[in-house]
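Heads up: the structure comes next, in structure tokens.
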Amino acid sequence: MHFDPRTQQALREAGLDTEEIRAASDRAAELVAADAAAIESFVADAETLHSDLETAHGPDGPQEHPDCAVDLYTHGGDLRGYVSFGSWGAYVEDGRTLSEDVVELTLGPTVHDRVRFARDPEDL
């Protein structure tokens, strides 16, 4: 089961039994796996991605990433992985599909921020 003990307790107090909690946990894992697959496909299908990533020495406004790639994995309700931008990259700590035109990744060390990606900079 992928819910932490406090969440499991809250679900029991809300009236769910163990099997219902297990089914909800399994469904959450399915949704995370679907998001990971959708994000990987979104990135793989793009020639160039644009992001709202803020960089210390980069220009203001949307950043262009012609060599963006992402490698994601899931474990229960967690989505993790790595995003590379050609010469550098960052750990992915979470991610989600915001629309068919925009995805968001929560990036870890070195970035520590949520970053939106789109094929068209106008979608950011």
Side-chain angles (χ1 to χ4, degrees):
M1 199 167 315
H2 309 295
F3 295 125
D4 64 61
R6 286 187 205 104
T7 302
Q8 290 180 40
Q9 181 62 33
L11 293 170
R12 279 189 204 90
E13 289 173 7
L16 275 67
D17 64 27
T18 301
E19 287 307 310
E20 291 169 323
I21 295 170
R22 188 178 323 278
S25 177
D26 291 346
R27 181 64 181 139
E30 290 170 5
L31 292 171
V32 169
D35 270 348
I39 292 167
E40 285 183 328
S41 178
F42 182 88
V43 172
D45 292 346
E47 288 184 31
T48 298
L49 284 177
H50 302 271
S51 75
D52 61 359
L53 177 68
E54 292 184 19
T55 58
H57 303 290
D60 290 336
Q63 304 291 315
E64 188 173 290
H65 308 287
D67 297 323
C68 189
V70 67
D71 182 21
L72 302 175
Y73 66 92
T74 63
H75 178 72
D78 293 332
L79 186 151
R80 301 278 189 259
Y82 193 80
V83 60
S84 65
F85 303 106
S87 62
W88 71 283
Y91 291 105
V92 174
E93 295 182 346
D94 197 9
R96 61 188 178 143
T97 301
L98 298 178
S99 71
E100 66 182 43
D101 300 316
V102 181
V103 298
E104 180 182 78
L105 298 176
T106 301
L107 302 182
T110 71
V111 177
H112 296 291
D113 202 2
R114 290 184 186 161
V115 179
R116 294 178 301 144
F117 294 87
R119 293 183 188 105
D120 183 341
E122 298 297 318
D123 292 330
L124 296 172

Kindly write out the residues that satisfy side-chain contact (heavy atoms from CB on, under 4.5 Å) with Ala24, not counting sequence neighbours, or none if the list is empty.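 Once residues adjacent in sequence are excluded, the partners of Ala24 under the side-chain contact (heavy atoms from CB on, under 4.5 Å) criterion are Phe3.
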With Ser99, which residues qualify under side-chain contact (heavy atoms from CB on, under 4.5 Å), at least two apart? Asp101, Val102
If two hydrophobic side chains count as joined below 4.5 Å and joins carry through other members, does Ile39 share a cluster with Leu124?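 Different hydrophobic clusters.
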Side-chain contact, heavy-atom cut-off 4.5 Å: Leu98 with Val103? no
Quick one: does Leu107's side chain get under 4.5 Å of Asp113's, heavy atoms only?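 Leu107 vs Asp113: side chains apart.
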Taking only residues at least two apart or on different chains, which pairs with a member in residues 39-53 satisfy side-chain hydrogen bond (donor to acceptor under 3.5 Å, both in side chains)? Ser41-Asp45, Ser51-His65, Asp52-Arg116
Listing request: all side-chain hydrogen bond (donor to acceptor under 3.5 Å, both in side chains) pairs with a residue in residues 103-112, at least two apart in sequence or in separate chains. Arg96-Glu104
Quick one: do Asp78 and Val32 satisfy side-chain contact (heavy atoms from CB on, under 4.5 Å)? Show the steps, please. CA-CA 7 Å; Asp78 293 332; Val32 169; over 6 Å; no
Which atom of [X] lies closest to which atom of [Y], heavy atoms considered:
X: Pro109; Y: Glu93; result: CD-OE2, 3.7 Å
X: Gly95; Y: Leu79; result: N-CD2, 3.8 Å
X: Val111; Y: Val115; result: CG1-CG2, 4.3 Å
X: Thr74; Y: Ala33; result: CG2-CA, 4.0 Å

Sequence neighbours left out, what pairs pass ring pair (Phe, Tyr, Trp, His ring centres under 6.0 Å) with at least one residue falling in residues 6-30?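 Sorted result for residues 6-30: empty, none.
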Value rounded to 0.5 Å, distance of [atom1] in [X] from [atom2] in [Y]:
X: Leu31; Y: Asp26; atom1: CG; atom2: CG; value: 11.0 Å
X: Leu53; Y: Arg114; atom1: CG; atom2: CZ; value: 15.0 Å
X: Glu64; Y: Phe85; atom1: CD; atom2: CZ; value: 13.0 Å
X: Asp35; Y: Thr97; atom1: CG; atom2: OG1; value: 4.5 Å
X: Gln8; Y: Arg22; atom1: CD; atom2: CZ; value: 9.0 Å

Walk me through it: do Arg119 and Leu49 pass the test side-chain contact (heavy atoms from CB on, under 4.5 Å)? CA-CA 5 Å; Arg119 293 183 188 105; Leu49 284 177; 4.1 Å; yes
With sequence neighbours excluded, tell me which residues meet ring-ring contact (aromatic ring centres under 6.0 Å, His included) with Tyr82.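 Expected list: Tyr91.
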